[in-house]
Amino acid sequence: TFGTEAWASALVDAINASSEYRNAAARWGDGFNGNVLLVFDADATQKSTYALLVQLSKGACRGASFVPGVAHPDAGFGLRAPFAVWHDVLSRKTLAATAILTGKMKVEGDRMTLLKHTAAHRALVSCAAALDTEFPTA
């Protein structure tokens, strides 16, 4: 179930098992903080806001956990969108890049660094989308 530590742990396993992610993200977090905070804002489809800190460096995931609040001192980057947008991204109905370009998803951190590592983020989202996820209902 999305929002649980079991889901976060399954994401870590999926990322670390993905050769696509490992290769695409080999330089992600090399010389900079590659930890990403994914914020799933409450909306009409979900009454609670979730924030997931994913600890990423050089093609590996060192951990992931749901954290309180919408900011975290360990995050180098943030991606924030309403839950419905994230649901569409994780259900492969839309690309995270499209959500960012259309303003539906907000980015915190150095955008140029994110752009240089587009393949890494596409692989990261692919790992999350591949999980057999039950989403909580509003």
Q | Arg22: salt bridge (Lys or Arg N to Asp or Glu O under 4.0 Å) partners, not counting sequence neighbours | A | none
(Q) Could you list the cluster mates of Met112? Members are the ILVMFWY residues connected by side-chain heavy atoms closer than 4.5 Å, either directly or through other members. (A) Leu115
**Q.** Listed partners of Phe40 passing ring-ring contact (aromatic ring centres under 6.0 Å, His included), at least two apart
**A.** Phe2, Trp86
Q. With sequence neighbours left out, what residues match Ala84 under side-chain contact (heavy atoms from CB on, under 4.5 Å)?
A. Asp43, Thr45
Q. At their closest point, which heavy atom of Leu52 faces which heavy atom of Ala8, and how far apart are they?
A. CD1-CB, 4.0 Å
Q) Would you say Gln46 and Phe135 make side-chain contact, with heavy atoms under 4.5 Å? A) no
Q: Provide the closest heavy-atom pair for Ala51 versus Gly69 in the form atom of the first, atom of the second, distance.
A: CB-O, 3.1 Å
Q.
According to side-chain hydrogen bond (donor to acceptor under 3.5 Å, both in side chains), does anything in residues 97-111 pair up with another residue at least two apart or in another chain? List the pairs.
A. Asp110-Thr113
Q: Answer whether the closest heavy-atom distance between the side chains of Ile15 and Val54 falls below 4.5 Å.
A: yes
Q: Apply side-chain contact (heavy atoms from CB on, under 4.5 Å) to Ser57 and list each qualifying residue two or more places apart in sequence or on a separate chain.
A: Arg62
(Q) Testing the basics here: between Val12 and Gly63, what is the closest heavy-atom pair and its distance to 0.1 Å? (A) CG2-C, 3.7 Å
Q: Could you pull out all residues at least two apart from Asp41 that satisfy salt bridge (Lys or Arg N to Asp or Glu O under 4.0 Å)?
A: Arg80
Q. Could you give the distance from OG1 (Thr1) to CD (Glu134), rounded to the nearest 0.5 Å?
A. 4.0 Å
Q.
Would you compute the distance between atom CG of Leu131 and atom CG of Leu90 and round it to the nearest 0.5 angstrom?
A. 8.5 Å
Q.
For His72, give me all partners under ring-ring contact (aromatic ring centres under 6.0 Å, His included), at least two apart in sequence or on another chain.
A. none
Q: Please name all residues satisfying side chain to side chain donor-acceptor pair (under 3.5 Å) with Thr133, sequence neighbours left out, ordered by chain then number.
A: Trp7
Q. How long is the span from the CZ atom in Phe66 to the OG1 atom in Thr49, to the nearest 0.5 Å?
A. 12.5 Å
(Q) Considering only residues two or more places apart or on different chains, which pairs with a residue in residues 114-128 satisfy salt bridge (charged side-chain N to carboxylate O under 4.0 Å, His left out)? (A) none
Q. Is it true that Val107 and Met105 fall in one hydrophobic cluster, defined by side-chain heavy atoms closer than 4.5 Å?
A. yes
Q: Any chance you could pull the hydrophobic cluster mates of Val70, using side-chain heavy atoms under 4.5 angstrom and chaining through other members?
A: Leu37, Val39, Leu53, Val67
Q) If every non-hydrogen atom of Ala24 is compared with every non-hydrogen atom of Ala120, which pair is closest and at what distance? A) O-CB, 3.6 Å
Q.
Is the shortest side-chain heavy-atom distance between Tyr21 and Val125 below 4.5 Å?
A. no
Q | Verify same cluster id: Leu124, Tyr50 (apolar side-chain graph, 4.5 Å) | A | yes
Q: Return the minimal non-hydrogen interatomic distance between Arg27 and Phe32, and the atom names on each side.
A: O-CE2, 3.9 Å
**Q.** Pairs where residues 82-101 contributes a residue and the test salt bridge (charged side-chain N to carboxylate O under 4.0 Å, His left out) is met, not counting sequence neighbours
**A.** none
